[in-house]
Structure formats: structure tokens, C-alpha cells
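Just below is one structure, and these are the notes that go with it.
Whatever order the structure lists them in is the order used to number ligands and atoms, beginning at 1. Only heavy atoms go into these numbers, but all of them, side chains included; no hydrogens, no water, no symmetry mates.
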Amino acid sequence: MIIGILKEKPYERRVSMQPASISSLIQKKKVRVLIEKSAGDAAFLPDKDYDGIADGIVDYEQLVEQSDLLVRISTPDDDLMGRMRSNQILVGVLNPLCNMPLVKKLLNHKITAFSMDMVPRTTRAQSMDVLSSMATVAGYKAVLDAAMHLPHFFPMFMTAAGTIAPAKVLVIGAGVAGLQAIATARKLGARVEAFDVRSAAKEEVESLGAKFVQVEGALENSQAGGYAIEQTEAFKKRQAQVIHEHAVKSDVVICSAQIPGKWAPRILKKETVQAMSPGSVIVDLAASSGGNCELTERYKNIVYNQVTIIGNTSYTSTLQADASKMFGHNVMNFLDLLIDDEGNLNLNFEDEVIRESCVSHNGEYVSKRIKEFYTEST
Ligand code: NAD
């Protein structure tokens, strides 16, 4: 099998496989790997770093034509879709539950497409879980970004010029990104509080030295694989009130609440932002799925009533060197499962990881979750 690593779209600075991951894959499997010219440039991995590791550094047209399996983080555009052959394989981050037009195109073109953001969050699949590795990057960078915008110090200072109190940080949603945000804010010396609807998050939050904010009566479902579920209207009202009370006392609010496959819950109300202190900062990591804050603007940083609201959160692209390292490692582990030792595609749909990450094959849906989602919504 020939694997082709495509160059990303201009706004994406990561590369889907770095030389070390390619080298590990080639050692394990009978595959050849081609890389598109300059694919790693934006991640500080020039072509010379791939030289002697990949089997060739080629143009885009050649790469698409010669490869059996293409890897790219950014979603395919019309040009790529137009060039791909039926049954050619695509591995990427396709966000299929939010991109019906793309899913339809993949089905119509009979592309065998795998979306790594659909890999189930199970212990076995941890090493392939791009959502977790990228959320780690985002949680870390969100706090640094907040610190850069905040007109106060994060740590406490006792100096001859007086004592500076530590910054107060509220983290909404204590999943992967939220926990990393808590850890980073604590390392910078802030006082941290965190809120989540899952009671299991309490212990994790406290183990990082933060205070857990509890709102009684959250719905939980043990069948939801550790994920949150939709809450009642009565709970949402209580939650908004409690969040209001804590947010107005905070210098920084990091929003990272999400329910997979749904628009982000709107937790931080306009009235709350209006009551926050001037100079406060909100980083809305959920901006791309609608935002946890009512005022967030996707891909934009705005100032509302002297509160900075950061919706431009493409942090994985600004920590592109290590983000590429982590992403490439996840891809390598995924291809290790998807390709047998002889270099053939191992389409074992009995395997939950392969089935649930497969968007389309032979013009049919494969993932049960995607199939049910589109069958119910059409
Ligand atoms: P996750 O699923 O691990 O965590 C989300 C958390 O939100 C869970 O703990 C869940 O219980 C909690 N939650 C759900 N509904 C809630 C509610 N109503 N109130 C409080 N908590 C609630 O998700 P993650 O991987 O940590 O990602 C978090 C967010 O960060 C997502 O919106 C994701 O898209 C975004 N993200 C952004 C970037 C970036 O570069 N900008 C990268 C990765 C992730």
C-alpha cells in the first residue's frame, strides 16, 4: 500500500505525520509513504527532515494519483474530491456529524473515509484519540492566551511595592481540555474553580488543586460512555445562576463544555458578562461549535463591556510542532490497526474502532453513530 501525506490548507499549520511516526510505521508494515512537497514547512519540519525516511517527496497531483490511502487533517475540498478515485482511502478529521454536504460527497464518490475524531474514547483507543491529544494542547494554550490578555498577574506576588492577589480562574467543563486548563492555571499560580455536570469530574478537579463547583440535580447516564448528556431546562436555569455567581468573581473564565455531536451548551449568559469586572477574559474553546458564551464570535476576539471574549481559538495550529507530534503518533497507531502486516487494508468492521471511525465505504454509511444521526435527521 502507498500512503500519501497531503499538505494542509493554508490556515492549518500542523502536518498529519511527522518523520518519526512515518519511520515507526514503515518499520512495522509493508507500506510505502509519500509526502507532498513542503507539507511539514509550517510545522517546522522541512522536506529535508523527511528525506531518507519517506519513500518520496512529490507534487500534490502525483501524490493523490499514486497513493492508495491519503492522510490530511483539514477536510477535503472540491479539488481533492474531484481527483480521488472510488475506493481510494481517506484518513482525516472530517467532523462528519456537523458536515452533511461532505458526508454526501464521500458517499457519492465512493470514498472509503475514516474520521479520526470519531474514534471512540475507550481505553483501548486512547493512543489514537486525536480529540484528547488536541484538547490537551487547547486547554494549555487557552490559559496562556488568557494570561496574555489579562491586565493582571496570574500568580500572587509579595513585593516591596505591595502584595498582588492571585488571579481567579473559573473553568466550565472539566473534560480533557478543561482539566489541562486547570493544571496550567494552577502551575501559573492562579486560584481555580471548575464546574462540570458529571459528578465523576469532582475528584479529578480536586486532585489538581482546584475547587469543584457543584450544581445539584444534573442528569447523568452511565450508558453515555463517560460523556455528559443534555440537561433539563430547570437545571440549566440553576446552573446559569451558579455560574453567574462564580464568573462575576473571576478574572478569567475558560469555557470547554461540550456534549459530543451537539452544539455547545450556552452556559455563560450576556447578563453574566455584563456583570464581570472590566479587564476580565473569557476564552471560549467551544467557539467552533457555537460557543459556551452567548456573546462569543467564532474565529474572532471581541471586547464587550471591557471584557475580552476570545473566540479565535485555533490553538492546535499555534502549537503546531508538538501538536503535529501528538497527532502523527495518533495517526501511526490508527494506521497500525487499519493496515495488516502485509500492507493490506484491514476492514474489520467487527472492530469498534475501525467501524465507528469509518464514515463511508462503497457508497454506504459504516459508523452506526453517523448512520443513525443522518437517518434520524433526514
Ligand atoms: P470533553 O468531552 O473531554 O469535555 C467536555 C466536558 O464538558 C465534559 O467533562 C462534560 O461533562 C462537560 N459538559 C457538558 N455539558 C456541560 C454543561 N452543561 N455544563 C458543564 N459541563 C458540561 O471535551 P474536550 O475534548 O475537553 O473539548 C472541550 C472543548 O474544546 C470542545 O468544544 C472542543 O471542540 C474544544 N477544543 C478546541 C480546540 C481548539 O484548538 N480550539 C482543540 C480541542 C478541543
Side-chain angles (χ1 to χ4, degrees), residues 11-14 73 93 95 97-98 116-117 119-121 126 129-146 170-183 193-205 212-215 217-221 224-243 246-247 253-269 283-293 296 298-301 310-320 322-323 326-327 330:
Y11 60 78
E12 176 55 75
R13 294 191 220 139
R14 288 170 292 171
I73 303 168
V93 179
N95 205 358
L97 299 179
C98 299
M116 292 201 56
D117 50 322
V119 165
R121 265 184 172 172
Q126 253 175 3
D129 184 355
V130 292
L131 289 184
S132 290
S133 47
M134 295 305 108
T136 301
V137 171
Y140 164 79
K141 216 52 207 293
V143 172
L144 299 190
D145 202 9
L170 172 66
V171 176
I172 302 175
V176 182
L179 289 172
Q180 187 53 239
I182 296 170
E193 294 184 324
F195 165 70
D196 200 293
V197 283
R198 291 178 303 110
S199 52
K202 182 174 190 285
E203 205 181 314
E204 291 169 311
V205 165
F212 190 68
V213 176
Q214 194 107 36
V215 181
L219 294 178
E220 297 196 49
N221 180 356
Y227 284 117
I229 55 168
E230 192 68 40
Q231 300 297 319
T232 62
E233 287 308 315
F235 177 85
K236 285 182 192 168
K237 268 199 185 144
R238 272 203 308 283
Q239 163 178 290
Q241 185 53 36
V242 174
I243 293 295
H246 288 262
V253 179
I254 307 280
C255 300
S256 74
Q258 73 154 5
I259 301 171
K262 297 210 185 301
W263 287 102
R266 285 287 174 91
I267 299 169
L268 205 57
K269 306 288 176 199
V283 182
D284 199 339
L285 281 172
S288 65
S289 52
N292 290 149
C293 172
T296 298
R298 201 177 180 193
Y299 306 132
K300 272 195 188 160
N301 294 353
I310 299 179
N312 179 15
T313 56
S314 28
Y315 296 132
T316 50
S317 222
T318 59
L319 203 95
Q320 68 269 45
D322 278 344
M326 294 165 95
F327 195 96
N330 292 146

Report yes if [X] has an N/O atom closer than 3.5 Å to an N/O atom of ligand 1; otherwise report no.
{"X": "Pro265", "answer": "no"}
{"X": "Thr313", "answer": "yes"}
{"X": "Asp196", "answer": "yes"}

Of the listed options [options], closest to [atom] (non-hydrogen atoms):
{"atom": "atom 16 (C) of ligand 1", "options": "Leu285, Val197, Ile254", "result": "Val197"}
{"atom": "atom 4 (O) of ligand 1", "options": "Ser199, Gly175, Ser133", "result": "Gly175"}
{"atom": "atom 14 (C) of ligand 1", "options": "Met134, Arg266, Gln258", "result": "Gln258"}
{"atom": "atom 5 (C) of ligand 1", "options": "Gly173, Ser288, Gly139, Ser256", "result": "Ser256"}

Quiz item: Would you find more than 12 non-hydrogen atoms of other residues, nucleotides or ligands less than 6.0 Å from Lys202 atom NZ?
Solution: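 No, the 6.0 Å shell around NZ holds no more than 12 heavy atoms from other groups.
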So, does [X] sit close enough to ligand 1 that a heavy atom of it is under 4.0 Å from the ligand?
{"X": "Ala201", "value": "no"}
{"X": "Arg121", "value": "yes"}
{"X": "Gln239", "value": "yes"}

With a cut-off of 4.0 Å, which atoms of ligand 1 are near a heavy atom of [X]?
{"X": "Tyr315", "result": "40 (O)"}
{"X": "Phe195", "result": "19 (N), 20 (C)"}
{"X": "Ile267", "result": "17 (C), 18 (N), 19 (N)"}
{"X": "Ala138", "result": "38 (C), 39 (C), 40 (O), 42 (C), 43 (C)"}
{"X": "Val176", "result": "3 (O), 26 (O)"}
{"X": "Ala286", "result": "32 (O)"}

Exercise. With the side chain counted from C-beta on, respond yes when Tyr315 and Asp145 share a heavy-atom pair under 4.5 Å apart, and no when they do not.
Key: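 Yes - at least one pair of side-chain heavy atoms lies under 4.5 Å apart.
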Quiz item: How does Ser132 reach ligand 1, if at all, at less than 4.0 Å between non-hydrogen atoms: by side chain, backbone, both, or neither?
Solution: neither
Exercise. Drop me the distance from Leu268's CG to Gln239's CD, to the nearest 0.5 angstrom.
Key: 10.5 Å
Quiz prompt | Lys236: partners by salt bridge (Lys or Arg N to Asp or Glu O under 4.0 Å), with sequence neighbours left out | solution =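 Lys236 satisfies salt bridge (Lys or Arg N to Asp or Glu O under 4.0 Å) with Glu230, Glu233 only.
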Looking at [Y], is its backbone amide N or carbonyl O close enough to the side chain of [X] to form a donor-acceptor pair, meaning the two atoms are under 3.5 Å apart?
{"X": "Asp284", "Y": "Gly291", "result": "no"}
{"X": "Asp117", "Y": "Asn95", "result": "yes"}
{"X": "Thr296", "Y": "Gly311", "result": "no"}
{"X": "Ser133", "Y": "Phe327", "result": "no"}

Residue from [options] passing side chain to side chain contact (heavy atoms under 4.5 Å, CB included) with [X]:
{"X": "Glu204", "options": "Asp196, Ile182, Leu179", "answer": "Leu179"}
{"X": "Val176", "options": "Leu131, Thr136, Asp129", "answer": "Thr136"}
{"X": "His246", "options": "Leu170, Val253, Ile172", "answer": "Leu170"}

